[in-house]
Amino acid sequence: MKSTRNILAMAIFCNFVIQKRMSCGMSVRVRFAPSPTGYLHVGGLRTALYNYFFARHNNGKLILRIEDTDRTRYVENSVENLIKTLTWAGIEFDEGPHVGGPYGPYVQSQRLHIYREYAKILVENGWGYYAFDTSEELENARKSSPHHEFKYDRYKMRNQFTLGEEETKRLIESGAPYVIRLKVPENQDIKFIDIIRGEIVVNTKDIDDQVLLKSDGYPTYHLANVVDDHLMKITHIIRGEEWLPSVPKHILLYNAFGWEVPAMAHLPLLLNPDRTKLSKRQGDVAVEDYIEKGYFRDAFVNFIALLGWNPSGDREIFTVEELIEKFQLEKVNKAGAIFDIVKLDAINAKYLYSKPIDELAEMFAYWVEKRGYKGFSKDYLARVVALLRERVKKLPDIIDFAPYMFERPKEYDREYFAKHWSGEVEQHLKNLLNIFKNIEVFSHQNLHDEVMKYLNERNLKLKEVIHPLRLAITGLSYGAGMFETMEVLGKEEVIARLEDFLTRILPTLVEKK
RNA sequence: GGCCCUAUCGACUAAUGGUUAGGUCACCACUCUUUCAAGGUGGUAGUACGGGUUCGAAUCCCGUUAGGGUCACCA
C-alpha cells in the first residue's frame with residue numbers, strides 16, 4: 001500500500017504513453033455504452049456520433065456495449081429500439097450484441113461471473129473489502145447528516161474492518177448479503193488528462209468508498225465499465241461530462257488491477273433553453289420523437305454533430321463523410337450547448353430545399369399515407385413537394401400547410417373572405433370558371449395569361465381576383481403561387497372546386513358575413 | 001454544502017498573443033410580390049466582472065461572480 005504513490009505516478013505516465021502511441025498508428029477502439037432504459041436520448045446520440053466519427057476518422061473500431069447492470073431500470077425491448085435508432089442515424093458498429101465480435105458478450109448482464117472474479121481479486125490484493133450495511137442503514141446515516149456531508153466511514157460502519165476477518169468470513173459463509181467496496185486511499189492527489197479539458201486533479205479525501213459489487217451480485221457502473229473497457233481493449237473513452245467526477249475512482253481501479261488507463265474525453269452537456277441538463281420536462285429528448293416529427297436523418301445528424309464541436313470556418317452543412325474526415329476530439333468545446341429547435345428547423349429546411357425532388361417524393365408518400373390520404377401518385381406528390389417545400393421546415397409540414405392538396409377544403413377563412421369579397425367578385429369567378437373550362441393545356445403559364453387577358457380587358461388588377469380564387473380553391477389565405485397551385489391540382493379538380501364553391505359554399509359564407 | 005467543470009452577439013459558434021471580433025439561426029428594416037414563405041440588400045447585437053503578465057490579451061495567470069455537473073447497492 002505504501003507504493004500507491006508510485007503506482008499513481010506510473011499510471012499517469014502510462015496514460016501519456018498510450019495517447020502518444022495512439023497517434024503512431026496503434027489501432028483505436030472506442031465504445032458507445034448506453035443503458036437500456038427505454039429510448040435513445042439526443043445527448044446519447046451525440047456521444048454515439050462522436051465515438052463513430054472518431055473511430056472512422058482513425059480507422060478504428062466502434063463497439064456497442066449494453067450496460068444493463070441495474071435490473072430495476074431495465075425496459076423491455078429497449079436494446080432493439082436503441083439499435084434501431086442508432087441504425088437510423090447511420091451509425092454502424094464493428095462489434096456489439098447484434099453483430100458479435102471477439103470480445104463478447106457485449107451485454108453486461110451476461111458477464112456477471114467476470115465482474116465477480118475481478119471484484120474478488122480486489123479483495124485479495126487489498127483494494128476492495130466486504131461490507132454488510134443494509135440500504136436502510138445507509139439511508140438513515142445519510143439522512144442524519146446535514147446536506148450531502150455523509151461519507152462512508154469504513155472504521156465505523158459494518159464491514160470487514162470493524163467486524164474482523166473471522167466474523168466477515170462467517171457472515172459470508174452463512175449467506176448474509178454483502179457488497180464489495182473500493183478501499184480509497186486517504187489523502188492523495190489523483191491526476192488525469194482529459195483530451196478536451198486538460199489536466200484534472202482530485203484528492204482522494206473527496207472520494208467515497210464506492211460500492212463495486214452490489215448485494216444482488218451485479219456490479220456497479222464503475223467496476224463494470226473499467227473491467228470491460230480493459231478487457232475489450234478500449235483505447236479512448238468518449239462519454240458525457242456527467243462522468244467526470246467519477247473518473248478518479250476509475251483511475252484507482254485501473255491502478256489496483258495494474259492496467260493502463262485509456263485516454264479520456266468528456267463531452268460537454270446538451271442543455272435546455274434555461275441551461276439545465278437537457279430533460280424531458282422541457283421538450284422532447286428521445287431521438288425517436290424527432291424521427292416522428294419528420295426531421296431528416298442527415299439534417300438531424302448534421303445539427304447534433306455541430307452541438308459542441310465545430311471544424312472551424314463558416315460552413316455548417318456537412319455530409320457524414322465530411323464530418324468523419326474533419327472530426328477532432330481536441331476541437332470539441334468545453335461548455336455545454338443549448339439544444340435549439342429553431343436552429344434545427346433551419347438546418348432541416350436547408351436539406352429540404354436541396355434534396356432531389358424524387359427522393360423527397362418517395363419519403364413524402366410515407367407521411368401522406370400516414371395521415372390517411374390514399375391514392376396519390378408519386379408524380380403528383382413530387383409536384384406538391386416541389387410547389388411547397390420552400391414554405392415549410394419539415395417534409396410532413398407540407399400536409400399541415402396545404403391540406404387542400406389532398407382533400408377539398410373543409411373550412412373557409414372568414415376574415416379573408418370578408419376582406420376580399422364583394423358583389424362583382426362573384427361574377428368574376430363565374431367568368432373565370434368559364435375561361436378555365438376552355439383552357440386546353442392547364443398550365444400555370446396559360447392560366448396566368450388567360451386571367452391577365454380577362455383583367456386587362458376590364459382594366460382590373462390581379463389582386464382583385466387572385467385572393468377570392470385562392471379562397472374558393474384552397475379555403476386559406478396563404479399558400480404557394482395560385483397559378484402553380486391550380487396547375488398541380490389539375491383542371492378537373494379546380495373546376496369542380498370552383499363550381500362547388502359558387503353553388504354550395506358561397507351562399508353560406510355570404511349569409512354569415 | 002464539498003468536489004469538479006464551464007464562461008465570445010438571444011442561440012450555435014469562428015478567431016489557439018496583433019482581426020474594424022467573422023459566420024449561421026433568430027430578430028428588425030428595405031426589396032421582390034399574388035397571400036404566406038423563400039430569395040436579395042442592409043441593420044441591431046457579444047469577449048461576465050476585477051486584477052495581473054505583455055509593446056500588445058477574447059486568447060496566458062489569479063481572484064470574484066454566475067451557470068452547470070456530481071456527491072446511490074442508478075447508469
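Letters A, B, ... are given to chains in the order of the sequence lines, protein chains preceding strands, and every chain is numbered from 1. The basis for the numbers below is simple: all heavy atoms, side chains too, and nothing from hydrogens, waters or symmetry mates.
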Q. So which one's nearest nucleotide on RNA chain B is more toward 5', A:E316 or A:A33?
A.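 Result of the comparison: A:E316.
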Q. Would you say the side chain of A:I317 lies within less than 4.5 Å of the side chain of A:Y351, judging by non-hydrogen atoms?
A.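 They are in contact (side-chain heavy atoms under 4.5 Å apart), so the answer is yes.
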Would you classify [X] as touching base, sugar-phosphate or nothing, given that sugar-phosphate means primed atoms plus P, OP1 and OP2, and contacts are heavy atoms under 4.0 Å?
X      : answer
A:T276 : sugar-phosphate
A:V179 : base
A:N333 : sugar-phosphate
A:K350 : sugar-phosphate
A:I207 : nothing
A:S312 : sugar-phosphate
A:R142 : sugar-phosphate
A:G240 : nothing

Under the 6.0 Å and 45° cation-pi test, does [X] pair with [Y]?
X      : Y      : value
A:R458 : A:Y454 : yes
A:R181 : A:Y152 : yes
A:K355 : A:F296 : yes
A:K394 : A:Y295 : yes

When both hydrogen-bonding distances must be under 3.5 Å and the geometry is Watson-Crick or G-U wobble, what is [N] paired with, if anything?
N     : result
B:U16 : none
B:A75 : none
B:G2  : B:U70
B:C32 : none
B:A7  : B:U65

Quick one: which of [options] gets closest to the side chain of [X]?
X      : options            : answer
A:A335 : B:C5, B:C73, B:U6  : B:U6
A:R197 : B:A75, B:C5, B:C73 : B:C5
A:W243 : B:C5, B:U6, B:A75  : B:A75
A:D70  : B:G69, B:U6, B:A75 : B:A75

Q. More than 12 foreign heavy atoms under 6.0 Å from CD of A:E330: is that the case here?
A.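 More than 12 heavy atoms, drawn from other residues, nucleotides or ligands, come within 6.0 Å of this atom.
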Does [N] have OP1 or OP2 under 4.0 Å away from a side-chain N or O of [X]?
X      : N     : result
A:R65  : B:A75 : no
A:S35  : B:C74 : no
A:R275 : B:C12 : yes
A:K331 : B:A15 : yes

Q) Which nucleotides of nucleotides 27-45 of chain B have their base under 4.0 Å from a protein heavy atom (B), which only their sugar-phosphate (S), and which neither (-), written as one string 5' to 3'? A) -------BBBBS-------
Q.
Can a side-chain donor-acceptor contact be found between A:Y129 and A:D209 if the only test is distance below 3.5 angstrom?
A.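 Looking only at side-chain atoms, A:Y129 and A:D209 do form a donor-acceptor pair, the distance falling under 3.5 Å.
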Q: Assess the side chains of A:E136 and A:N140: does a donor N or O sit below 3.5 Å from an acceptor N or O?
A: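 No.
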Check nucleotides 16-20 of chain B for protein N or O atoms closer than 3.5 Å to its own N or O atoms and list the pairs.
none

(Q) If I pick the P atom on B:U70 and the same atom on B:G63, what distance separates them, to the nearest angstrom? (A)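 Pairwise P distance, B:G63 against B:U70, rounds to 25 Å.
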Q. If you take all heavy atoms of A:T47 and A:R239, which pair is closest and at what distance?
A.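 Minimum heavy-atom separation between A:T47 and A:R239: CG2-CA, 3.9 Å.
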Q: Examine distances only and state if a side-chain atom of A:N159 and a backbone atom of A:Y130 form a donor-acceptor pair shorter than 3.5 Å.
A: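 No.
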Q: Please list all pairs passing the side-chain hydrogen bond (donor to acceptor under 3.5 Å, both in side chains) test where one or both residues lie in residues 473-485 of chain A, with sequence neighbours left out.
A: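 Listed by first then second residue: nothing to list.
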